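Data block below; observations after.
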Amino acid sequence: MKITDAKVFVGGPGKNYVTLKIMTDEGVYGLGDATLNNRETLPAKYLQDYLIPNLIGMDPRNSEDIWQFMYRGAYFRGGPIAMAAYGAVDMALWDIKGKLANMPLYQLFGGKSRDGAMVYAHATGSDLPDLMDSIAHYIEQGYKALRVQCGIPGMPSASYAVPEDKGQGKHYISDFRGIRPRVEIWDSGLYMRHMPGALAEIRDRFGPDLHILHDVHHRLLPREAAEFAKAVEPVGLFWLEDPTPTEDQEALRLIRQHSTTPLAIGEVFNSIWQCNRLIEQELIDYIRVAVTYAGGITPTKRIVDLAGLHHVRTGFHGAPSHSPIGMAAQAHLNAWAPNFGIQEYLVLGTPDCDALFPSDHRMENGMVHVSDAPGLGVDFDEGEAERYSYRPGSHPVVRLTDGTLWNY
Ligand code: KDG
Ligand code: MG
């Protein structure tokens with residue numbers, strides 16, 4: 001069996017999804033996702049210029065060898081652009097493998113460990129009352145877990161993850177305002193004084209059963225993060241995410257020494273080598289890698305297995321930047337993983353998105369039920385794809401009140 005051709009598409013409704021389609025001489029094809037948020041053209045170029053010419057003629061069933069070829073063969077290993085490109089190839093090869101076996105992918109991993117995988121959505125508000133409304137809206141839809149973020153009184157500009165447009169559902173979508181980033185102003189003092197009380201009010205209002213998650217988005221210094229994690233202990237968070245920038249892993253030890261608040265980290269990691277020590281030293285409770293940025297199913301499964309040895313559970317990244325293809329790969333891992341924790345799930349589920357990526361993965365009452373179709377269980381409509389093309393967008397940048405550049 002041989003790979004005969006492969007194509008890359010960039011675009012989609014409200015997002016620059018990077019979709020790879022690998023064709024074979026037996027007519028079976030596989031799909032993969034290489035969407036690196038706000039840098040989408042780069043993994044697409046990596047695929048087109050370096051990977052696809054090498055893949056043609058290879059046996060698609062040898063997914064492990066092909067992964068090693070991509071990773072070791074590059075000489076300069078890893079990095080988010082290359083790993084997203086490898087991720088797309090790896091997902092597409094697993095998709096082909098599942099279709100050949102006539103089995104959904106979770107069967108190839110070891111079968112189902114659960115019927116539904118708990119997900120969380122993003123509840124956001126420009127202020128606390130607005131956030132309370134957003135939480136109530138999601139609870140009514142059946143969500144059992146929510147990440148909660150709100151504007152901070154006195155903060156010079158909206159704090160992280162509070163969309164300017166307050167539409168129904170309040171998901172944020174790339175605004176495609178061009179390559180030059182918008183600037184947000186941040187003040188850690190204001191945040192530290194407001195947020196613990198806000199989280200306590202949310203707990204009081206919605207009771208003990210709601211799983212409350214909160215994302216600090218790398219904004220605090222280690223000592224501040226330790227103080228924050230300790231202050232929110234009575235709230236009983238499901239997790240506190242990215243309290244400090246991920247490069248300084250010792251910072252997590254300081255936070256751990258001062259608090260039992262569960263810690264989640266890893267959405268910017270793209271290799272097991274960036275999280276193996278954190279996992280082995282049990283400095284985190286949830287690992288947040290995404291199957292797309294981490295190089296696909298093959299290496300992500302290794303991270304999940306390592307995490308399982310150390311009581312670390314999964315909480316895969318699932319921001320709206322992940323296409324339904326990457327989310328499908330994660331749905332299969334979630335169905336299998338003995339150490340599954342939770343899944344971030346913001347696939348927009350709009351008619352346009354469903355038309356581009358038809359699938360029967362189902363979300364019901366805050367749980368994802370994985371498709372039983374062979375392979376990933378998601379398709380890609382190339383006719384629909386002609387409606388879309390790349391549009392430039394950018395993450396905002398963050399500055400402190402005195403102008404110092406800070407962590408987004
Ligand atoms: O591209 C960056 C986003 O994916 C990120 O800001 C979202 O922090 C995020 C989250 O937890 O979903
Ligand atoms: Mg995050």
Side-chain angles (χ1 to χ4, degrees), residues 12 14-18 33-43 79-81 83-84 87 119-124 134 138 143 145-150 158-164 169-177 179 181-184 186 191 195 211-220 225 228 237-247 252 262-270 274-275 284-294 314-323 326-327 330 341-348 391-398 406-408:
K15 274 283 154 194
N16 291 314
Y17 295 127
V18 182
D33 170 34
T35 314
L36 182 62
N37 200 20
N38 290 308
R39 293 290 182 274
E40 297 90 348
T41 52
L42 302 177
I81 295 164
M83 292 299 259
V119 303
Y120 72 91
H122 293 181
T124 59
S134 177
Y138 281 109
Y143 283 88
L146 291 169
R147 188 191 82 165
V148 302
Q149 310 290 132
C150 70
S159 55
Y160 160 64
V162 180
E164 285 169 6
K170 300 185 178 176
H171 289 305
Y172 79 91
I173 308 180
S174 248
D175 50 20
F176 299 128
R177 274 184 260 185
I179 285 301
R182 169 165 65 85
V183 179
E184 288 179 5
W186 174 259
Y191 169 79
M195 208 61 216
H211 297 302
I212 302 172
L213 296 76
H214 180 66
D215 191 349
V216 187
H217 226 255
H218 321 115
R219 302 259 169 116
L220 295 179
F228 189 92
L237 289 183
F238 185 93
W239 79 33
L240 185 68
E241 177 180 344
D242 289 338
T244 50
T246 47
E247 298 93 325
L252 294 163
L263 301 175
I265 205 161
E267 66 182 47
V268 299
F269 292 156
N270 50 70
Q274 290 170 320
C275 55
I284 56 172
D285 299 279
Y286 295 91
I287 180 70
R288 296 267 295 130
V289 291
V291 78
T292 302
Y293 309 150
T314 62
F316 295 139
H317 190 230
S321 45
H322 297 284
S323 89
M327 294 303 288
Q330 296 191 161
I342 197 166
Q343 170 67 59
E344 183 181 29
Y345 189 85
L346 297 161
V347 170
L348 296 176
R391 295 157 75 193
S394 184
H395 288 112
V397 294
V398 176
W406 204 241
N407 311 311
Y408 172 63

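In this text, all values refer to a predicted model and were calculated from it rather than measured experimentally. Note that ligands are numbered from 1 as they come in the structure, with each ligand's atoms numbered from 1 the same way.
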**OP:** List every atom of ligand 1 that sits less than 4.0 Å from any heavy atom of H395, numbering the atoms from 1 in the order shown and giving each element.
**Re:** 1 (O), 2 (C)
**OP:** Check for a donor-acceptor pair, side chain of H218 on one end and backbone N or O of Y408 on the other, with a separation under 3.5 Å.
**Re:** yes
**OP:** Give a yes or no on whether D215 keeps an N, O or S atom under 2.8 Å from the Mg ion (ligand 2).
**Re:** yes
**OP:** Please report the C-alpha distance between R288 and E344 in whole Å, then the side-chain angles of each, then the deciding distance to 0.1 Å, and finally whether the salt bridge (Lys or Arg N to Asp or Glu O under 4.0 Å) criterion is met.
**Re:** CA-CA 9 Å; R288 296 267 295 130; E344 183 181 29; 3.1 Å; yes
**OP:** Decide whether an N or O pair under 3.5 Å exists between Y120 and ligand 1.
**Re:** no
Original post:
Counting backbone and side-chain atoms alike, does D242 have an N/O/S atom under 2.8 Å from the Mg ion (ligand 2)?
Top reply: no
Subject >> the Mg ion (ligand 2) - name of the N/O/S atom of E267 that sits closest to it >> reply: OE1
Subject >> E241: numbered ligand 1 atoms lying under 4.0 Å from its heavy atoms >> reply: 11 (O)
**OP:** Assert yes or no for the condition that the ring centre distance of Y286 to F238 is strictly below 6.0 Å.
**Re:** yes
Original post:
Going by the order shown, which atoms of ligand 1 are within less than 4.0 Å of some heavy atom of H217?
Top reply: 5 (C), 6 (O), 8 (O), 9 (C)
Original post:
By atom name, which N, O or S atom of E241 is the nearest to the Mg ion (ligand 2)?
Top reply: OE2
Original post:
For Y293 and ligand 1, does the shortest N/O to N/O distance drop below 3.5 Å?
Top reply: no
Subject >> Results of side chain to side chain donor-acceptor pair (under 3.5 Å) for N270 - residues two or more places apart only >> reply: none
Original post:
Looking at W406, is R219 sitting on its ring face, NZ or CZ under 6.0 Å from the six-membered ring centre and within 45 degrees of the normal?
Top reply: no
Subject >> Side chains of W186 and N407 in contact at under 4.5 Å (non-hydrogen atoms) >> reply: no
